[in-house]
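All residue numbers in this chain count up from 1 along the given sequence.
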Amino acid sequence: ARPAGPGAVTASKAGATVLHEHRPPLQTPKLQIAETSAALMRGIRHTHFVCPRSSSMLTVLLLSACRMRPLSAASVGSVVVQDRLNELVRLFKGRTERQKDRLVDPDESEEESPTASPSKAPPAPPPPPPPEKKDEVAAEKEEDEDEDEEEEEKELELNFKILGHPYRFPSSIDPFTDLIYVIWLFFVVAAWNWNVWLIPVRWAFPYQTPENIHLWLLVDYTCDLIYITDILVFQPRLQFVRGGDIVCDKKAMRENYMTTERFKIDVISLFPLEIFYYFTGVNSLLRFPRLLKYMVFFEFNDRMEAVMKKAYIYRVIRTSTYLLYSLHINACLFYWGSDYEGLGSTKWVYDGRGNAYIRCYYFAVKTLITIGGLPDPTTVFEICFQLINYFVGVFAFSIMIGQMRDVVGAATAGENYYRACMDSTIKYMNSYNIPREVQNRIKTWYDYTWKSQGMLDEQELLVQLPAKMRLDIAVDVNYAIVSKVALFQGCDRQMVFDMLTRLKSVVYLPGDFVCKKGEIGREMYIIKQGEVQVVGGPDLQTVFVTIRAGSVFGEISLLAGGGGNRRTANVKAHGFANLFILDKKDLAEILVHYPESQKLLRKKAKKMLTKDKKPEEKEASKETMTIIPPRPETPKLFKAALKVTEEAGIEGTFAKLKKTYKPSESTTPSSISPIPPPSPMHRRSPVPLAPVQDDDDAVAGTADSSVIIRMTPQPEGEELLTVEVMPGDEEEKEEQVEAAEE
């Protein structure tokens, strides 16, 4: 073998493997060989040592030793035990990981079931029976039906371009919000109106001639094609509600349309009575079934009123059209009656001159509206026709007038309410002799509020809506303004939404005070539109700051706890100002459900309060208010007297004091006498019961009136201390000294 370089040898139960590693050689090769052999005999799995320079000889010796000497039973058993222990450790580790996952996420851990033991594997399930031929045939039929339905749906799908952009016809149509469906209804209604207006004209007047018959038939069949397209394409794709759910399935929508009464009427309206043209010629009365598709007309009216911003305009036009159509039918009947009697045969009938339709329409207007001035009928047919015209005209015209009144009244209902409120307010002010200036301001408020909002109170309009829709409207109208308020930034979004429904809109006139200094603050104000000014000064004309739209003020009074928070400034409207008002009670009810937002608002309120306070106020707030006043200190003169008494004795001290203050006693003989009358006993109290005046003498004495001390104020601001000792025994003096010391 080729000699190898310095390396390390690793011995294991399966043999020896040489691993080369560059290490410095040692000087004891025999000792290393002996250690390696002993390690192999003990069954140690891995032993690392460094071989000398002659590593090839060592490799040969190790291999021969492993082959010649088999492992003992103890070493083989230890290897098996070690493998089993490793397997148990792995299983316990996996079980620990599963338990940890179950504690962290119980939902996911429940879905995962523990693996089965490898020793007890479940028996394999029996193979499924071969499918029968009938099942195969049924499955093939179902697949074919599904493919056919998909092909039909693909055929019905219309792909076209609108203004250069590709448009795919929808698989389901929302009949209430889809604008494409409203446009389609317009074409269907146009086709229906063609039949409604021109079938009577073609029947009564001689406007359909053999020269232009092809044009009339072309327009007729175009209208029929619109009818067919509506039945096959649009109506089967309309969504409907079943059990509260919106159904969009194509098959379900088709079946729902085929079960409605509208489908039956639509089919009848396309009944081909034109086959009788072969016998009667082209007679427009045979197209009478086309008039049965009247439901599309009323549906179009509902959709137009929902789409238009001012629906009353369309209602007025529709009502006027009803009146014109009744006059149109009467004109056609008058020409038919004139033709029946003979054109120009009498004065009452149409004489055949001029435009036939215009002259007959003029007769119909005079008849139905009962204007008068018509020639008298002469024949029985003319009299009966005229009587029917009069009766129908009275009822039809009265119905039209009443409907027109309702339409106009509904259009002006809001303005009538505004006028009624304003008239009632003016009547109230006049009855109580309100000043003219106040009345003018109230009238101005009514006018501006009505012109800016279109109503006096927004809450009256929204009270009929459910809470969810009121919230949607409030979010669309007011969220853009409230979201800019720095106070509510960082709060829960849903809390802000709930707060939007509690806001009240109020309009302030120019010069109105929104709040005054010293008032109790119970509301917070958010400026929706306009400006307000913080004013001050002796005449409240000095402007400190101007607050514009999107700003908020009064929030400190709203967030500060404890109540009784007073306004710190005067705020008045600069022009017409529209403000949102949030009441403190409403905010408290909302914050109960949002504790995190409540904590955040409290922190912001504390920062605002500490920021606005002056340094002196901050220091004063730190000092605690004393409920029980401290005990007053002992007067310094009394302490000095006690100290002198301790040193010289009570008798010597009082004698010195008497000699020292003798001149002062002579100046005030009335206030001090050698034997004063007995005075009441005064006990020392921690709290003075009554204030002592500067002109009075402070008198204190012992219980037996043997020692009396007086403090008399002097004009120069000094105080005169006088101590009087009554004659008595020495024991009594000692007791007095002890009492004084105490």
Side-chain angles (χ1 to χ4, degrees), residues 156 158 160 162 167 169-203 216-242 246-248 250 252-274 284-308 311-326 328-329 400 403 407:
L156 291 176
L158 303 177
F160 51 91
I162 297 178
Y167 178 79
F169 196 80
S171 59
S172 63
I173 300 173
D174 186 0
F176 298 99
T177 59
D178 198 336
L179 186 59
I180 298 296
Y181 181 67
V182 177
I183 296 174
W184 171 251
L185 287 179
F186 171 77
F187 290 103
V188 180
V189 170
W192 181 79
N193 277 293
W194 166 267
N195 295 314
V196 167
W197 286 80
L198 293 181
I199 285 177
V201 172
R202 294 162 63 184
W203 166 74
W216 292 100
L217 293 178
L218 177 62
V219 179
D220 288 344
Y221 294 140
T222 302
C223 295
D224 293 346
L225 179 62
I226 293 175
Y227 278 26
I228 295 172
T229 306
D230 182 64
I231 295 174
L232 296 179
V233 178
F234 283 87
Q235 297 301 325
R237 295 171 181 258
L238 294 183
Q239 303 173 3
F240 67 98
V241 179
R242 181 172 58 190
I246 300 176
V247 180
C248 300
K250 293 183 178 180
M253 290 186 295
R254 188 185 310 117
E255 293 177 353
N256 176 71
Y257 171 63
M258 296 178 67
T259 56
T260 59
E261 185 180 357
R262 181 171 181 174
F263 172 73
K264 300 175 184 179
I265 296 178
D266 290 345
V267 173
I268 294 174
S269 65
L270 287 173
F271 191 78
L273 291 179
E274 286 84 354
S284 61
L285 288 179
L286 295 177
R287 293 184 56 83
F288 177 78
R290 305 296 187 273
L291 306 181
L292 297 178
K293 200 177 176 65
Y294 61 91
M295 289 186 178
V296 68
F297 174 70
F298 295 104
E299 184 182 5
F300 177 73
N301 292 335
D302 296 338
R303 300 295 174 266
M304 285 295 295
E305 291 181 4
V307 170
M308 296 181 66
Y312 66 89
I313 297 177
Y314 181 76
R315 297 191 190 108
V316 171
I317 296 174
R318 184 182 61 194
T319 305
S320 303
T321 306
Y322 291 159
L323 179 59
L324 296 176
Y325 184 75
S326 63
H328 170 78
I329 295 298
M400 297 303 170
Q403 189 171 2
V407 171

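- Between atom CG of residue L270 and atom CG of residue L292 there is a gap of 10.0 Å, rounded to the nearest 0.5 Å.
- Within 6.0 Å of the CZ atom in F271, the count of heavy atoms belonging to other residues, nucleotides or ligands does not exceed 12.
- Applying the salt bridge (charged side-chain N to carboxylate O under 4.0 Å, His left out) rule to pairs touching residues 222-233 yields D224-R287, D224-R290, D230-K293, sequence neighbours excluded.
- Considering only residues two or more places apart in sequence or on other chains, T222 meets the side chain to side chain contact (heavy atoms under 4.5 Å, CB included) condition with L218.
- Other residues, nucleotides and ligands contribute only 12 or fewer heavy atoms inside 6.0 Å of the CE atom of M258.
- No donor-acceptor pair under 3.5 Å is formed between the side chain of R303 and the backbone N or O of D178.
- Ring planes of F263 and Y257: perpendicular class, angle over 60° (limits at 30 and 60°).
- The distance from atom CZ of R242 to atom CG of N256, rounded to the nearest 0.5 Å, is 7.5 Å.
- In this structure, the side chains of L291 and I199 come closer than 4.5 Å at one or more pairs of heavy atoms.
- Put simply, CG on L323 and CZ on R318 are 14.5 Å apart, with the number rounded to the nearest 0.5 Å.
- One distance of note links CD1 of I329 with CH2 of W197; it measures 8.0 Å at 0.5 Å rounding.
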What do the steps show when you test Y314 against N301 for side-chain hydrogen bond (donor to acceptor under 3.5 Å, both in side chains), and what is the final call? CA-CA 8 Å; Y314 181 76; N301 292 335; 2.4 Å; yes

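- Contacts of Q239 classified as side chain to side chain donor-acceptor pair (under 3.5 Å), with partners at least two apart in sequence or in another chain: S172.
- Using a 4.5 Å cut-off on side-chain heavy atoms (C-beta onward), V267 and K264 make no contact.
- In terms of the side chain to side chain contact (heavy atoms under 4.5 Å, CB included) criterion, residue partners of V189 (sequence neighbours excluded) are, by chain and number, N193, V296, F297, F300.
- With sequence neighbours excluded, the residues satisfying side chain to side chain contact (heavy atoms under 4.5 Å, CB included) with A311 are E305, R315.
- Distance CD1/I173 to CZ/F234: 5.5 Å, rounded to 0.5 Å.
- Inter-residue side-chain proximity for V233 and W184 is flagged as unmet; no heavy-atom pair is nearer than 4.5 Å.
- Between T229 and F187 there is no side-chain heavy-atom pair separated by less than 4.5 Å.
- Listed by chain and number, the residues in a side chain to side chain contact (heavy atoms under 4.5 Å, CB included) with L217 are I213, D220, Y221, Y277, V282 (sequence neighbours excluded).
- To the nearest 0.5 Å, atom OH of residue Y294 and atom CD1 of residue I265 are 4.0 Å apart.
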